[in-house]
Amino acid sequence: MYKAPVEDILFTLKHVAGLDAALAEGALGDLDQDTVEAVVNEAGRFASDEVAPLATVGDTQGSKLVDGAVRTPDGWRDLYRNWAAGGWNSLTADAEFGGQGLPHMLHIAAMEMWNAGSMAFALGPMLTMGAIEALEKHGSDDLKATYLEKMISGEWTGTMNLTEPHAGSDLGVLKARAERRDDGSYRIFGQKIFITWGEHDFTDNIVHLVLARLSDAPEGTRGISLFLVPKFLVNADGSLGERNDLFCHALEHKLGIHASPTCTMIYGDGRFGEEKGAIGYLIGEENRGLNCMFTMMNNARLAVGVQGVAMADAATQKAIAYARERTQGKAPGFSGKGMSPIIDHPDIARTLLTMKALTQGARAIAYSCAHAVDKSHHLQGDEARFWADRSSLLTPIAKSFGTDAGVDVASMGVQVHGGMGFIEETGAARLLRDARIAPIYEGTNGIQAIDLVTRKLPIGNGDHVRGFIVELAKIAGAVAASNLEGFGETKDRLNASLRDLETATVWLLERLAAGETAAALAGATAYQRLFGLTLTGIYLAKGALADAGDGQQPARIALCRFAAENLIGETAALKHSIVYGAESLAAARIALG
């Protein structure tokens, strides 16, 4: 059974991601260590004791569409209501509407644990929190007054409606349409697919954020508007009114996350109400809906990266526990009776350490990104812009590296279990099935790579990424200066990966400046992984250098050395692929027919 790694999470927050320094600077208001530890500990308890025990029930029963209504698995409605009653939906929300105003770092840490308990469960709250943020930043005062308090309390949930059957990542071709009404409202018509928690029995109302196009809107993404479309209309006194003209037409049958209802939503076909059209209210300005939605999407991308971390941690815990109990053969040096625990076999130990290193590296990247988000919100002027640029740079890496690690580590977990990993009763297969969606949604990892190379590297004409590499090099230098035992070849391996990162970065920036976008994009995914592996090595080193007084420093040094000497050497091959692979890619397309 999953046990939230509270100690590891607190250590990463404080000593790697930068929370301790931010608290010492007073950069996070009146937040203190006691509050941080209380929030993380209680989030971990809820994930371990209340969410995780219902994960298998959710996976085996799934959510079902019955007579137009979605029924969630046994116990899940009460689980959600207990979660909302604990105030978890309000962690980072505006205090004016009942939120706690806590840093994004704590939200991301808590999200990791809830997702590790059950990713299918945590998906609903994740989207509600994103909808809250979009409404806080772009909604009118009337919309905020009507909807925010109940969304923040968890009494109502929220969704994000982007995708259509013909419009996946290319939102410029979406066809959902909106019509103006004289009273200032709009009527929404169309179909949306893959809508997570689009219908359920957790709450009395669901607040949908829907992208649609007005008849006189410009073509492409410049002509998209964002609308708030509630399941039930809200009366002037705040009570629920008539059912809006929208409904869930079908649920998708998926590889994983079975308990999370993935809905096909129909808007405006006349099933409800006297007039066809779902009543919606404009968020922000007409034809600028994508700007508003990106407020929700950017943080959702970081949250999805944390889903990958969660799956990786849960898989690592399960694999280590199994490897300690399962006996097979005799490991080298074993002289006892019977068979050795498989954890003593070098290949299993290597696999488990790889899982652990990738998990901790992905966690550090995600938490460091959340730290940058917090700094950008709490500072002003040039300092705020610097940290906003840092969060922009780290977001695609956090999303892609975290979710790739989630799939890879969960797959390794199945392998450690051997044949039993392929059997559902161990739970190892569920983690792999659930993890597999994360590299796909909220922008596929290939799209994240495009974003990283074409939009994030050129920030400040490349000065920001160059400065970041200099910061990372200082950490590598601190390894050599520390004189701590156990690092082995870590310093040299870190410096080699940093040189690979710098060479690849310069090459990509030169290609972009020369207008050779295709050549740059040919190496984008490789670059994204190169960056993630380099950060993994550096952040593990940063953690290994920090003596937290918990007696774990030798183990952290040993894991850092393992990653440096066994994993991050891949950066050399990735650099070669980036710099020399574009021409061969173009030539080889003939092989695709």
Side-chain angles (χ1 to χ4, degrees), residues 1-19 36-52 55 83 86 88-89 91-92 102-127 129-130 257 260 299-318 355-374 394-395 397-407 409-410 413 431 434-435 437-439 442 532 536 539 543:
M1 182 66 71
Y2 170 74
K3 179 175 172 54
V6 169
E7 292 78 10
D8 285 344
I9 285 174
L10 285 170
F11 178 86
T12 305
L13 285 171
K14 294 178 180 181
H15 301 291
V16 181
L19 180 59
V36 168
E37 294 185 9
V39 170
V40 173
N41 274 286
E42 180 56 22
R45 184 208 65 76
F46 193 92
S48 302
D49 297 348
E50 302 194 42
V51 180
W83 180 87
W88 294 114
N89 211 58
L91 276 183
T92 59
L102 290 171
H104 204 58
M105 293 177 81
L106 293 186
H107 161 65
I108 288 298
M111 285 295 296
E112 179 194 327
M113 293 182 279
W114 299 326
N115 274 284
S118 172
M119 182 171 154
F121 172 78
L123 270 167
M126 183 188 85
L127 289 170
M129 292 173 186
I257 55 171
S260 173
N299 284 344
R301 287 172 174 175
L302 175 55
V304 170
V306 169
Q307 288 181 332
V309 177
M311 294 295 96
D313 190 82
T316 300
Q317 286 190 31
K318 187 178 289 291
M355 296 168 72
K356 196 172 185 70
L358 290 173
T359 300
Q360 292 194 6
R363 177 184 289 135
I365 294 169
Y367 289 12
S368 296
C369 184
H371 171 64
V373 172
D374 286 331
L394 286 175
T395 294
I397 304 170
K399 195 276 183 183
S400 62
F401 192 79
T403 56
D404 283 344
V407 173
V409 171
L431 296 174
D434 285 357
I437 184 59
E442 294 306 330
T536 292
Y539 285 151

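The model shown is predicted, which means the values in this text are computed figures rather than measured ones.
- Checked for salt-bridge contact, Glu112 and Arg363 meet the test: a charged N lies under 4.0 Å from a carboxylate O.
- Residues Met113 and Ala43 approach most closely at CE-CB, 3.8 Å, considering heavy atoms.
- A heavy-atom distance below 4.5 Å is found between the side chains of His104 and Leu302.
- Counting all heavy atoms, side chain and backbone alike, Val40 lies closest to Leu13 at CG2-CD1, 4.1 Å.
- The shortest non-hydrogen separation linking Met111 to Val306 is C-CG1, 4.1 Å.
- Put simply, OG1 on Thr395 and CD on Glu442 are 12.5 Å apart, with the number rounded to the nearest 0.5 Å.
- For the atom pair NE2 (His371) and CD1 (Ile108), the distance works out to 14.0 Å, reported to the nearest 0.5 Å.
- A 4.5 Å side-chain heavy-atom check between Pro125 and Trp114 finds every atom pair outside the cut-off.
- Distance check, rounded to the nearest 0.5 Å: NZ of Lys318 to CE of Met355 gives 11.0 Å.
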Inset, instruction - Check the pair Thr12 / Gln360 against side-chain contact (heavy atoms from CB on, under 4.5 Å), numbers first and verdict last. - result: CA-CA 8 Å; Thr12 305; Gln360 292 194 6; over 6 Å; no
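- Between Ala116 and Ala310 the shortest heavy-atom distance is N-CB, 3.4 Å.
- Contact detail for Ala362 and Thr536: the closest heavy-atom pair is N-OG1, 4.5 Å.
- Note that CZ of Arg301 is 11.5 Å distant from OG1 of Thr403, once rounded to the nearest 0.5 Å.
- The two atoms that bring Leu91 and Leu106 nearest to each other are CD1-O, 4.4 Å, heavy atoms only.
- Distance check, rounded to the nearest 0.5 Å: CD of Glu42 to CH2 of Trp88 gives 5.5 Å.
- With values rounded to the nearest 0.5 angstrom, Lys399 atom NZ is found 15.5 Å from Leu394 atom CG.
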In residues 2-11, what donor-acceptor pairs under 3.5 Å come from side-chain atoms, sequence neighbours left out?
none

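- No side-chain donor-acceptor contact under 3.5 Å links Ser48 to the backbone of Arg45.
- Side-chain contact between Tyr539 and Ile365 is present, with heavy atoms from C-beta onward closer than 4.5 Å.
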Legend entry - Candidate pair Gln307 and Ile437, rule side-chain contact (heavy atoms from CB on, under 4.5 Å), full reasoning: CA-CA 10 Å; Gln307 288 181 332; Ile437 184 59; 5.9 Å; no
Inset, instruction - Let me see the working for Asn299 and His107 under side-chain contact (heavy atoms from CB on, under 4.5 Å), right down to the final yes or no. - result: CA-CA 11 Å; Asn299 284 344; His107 161 65; over 6 Å; no
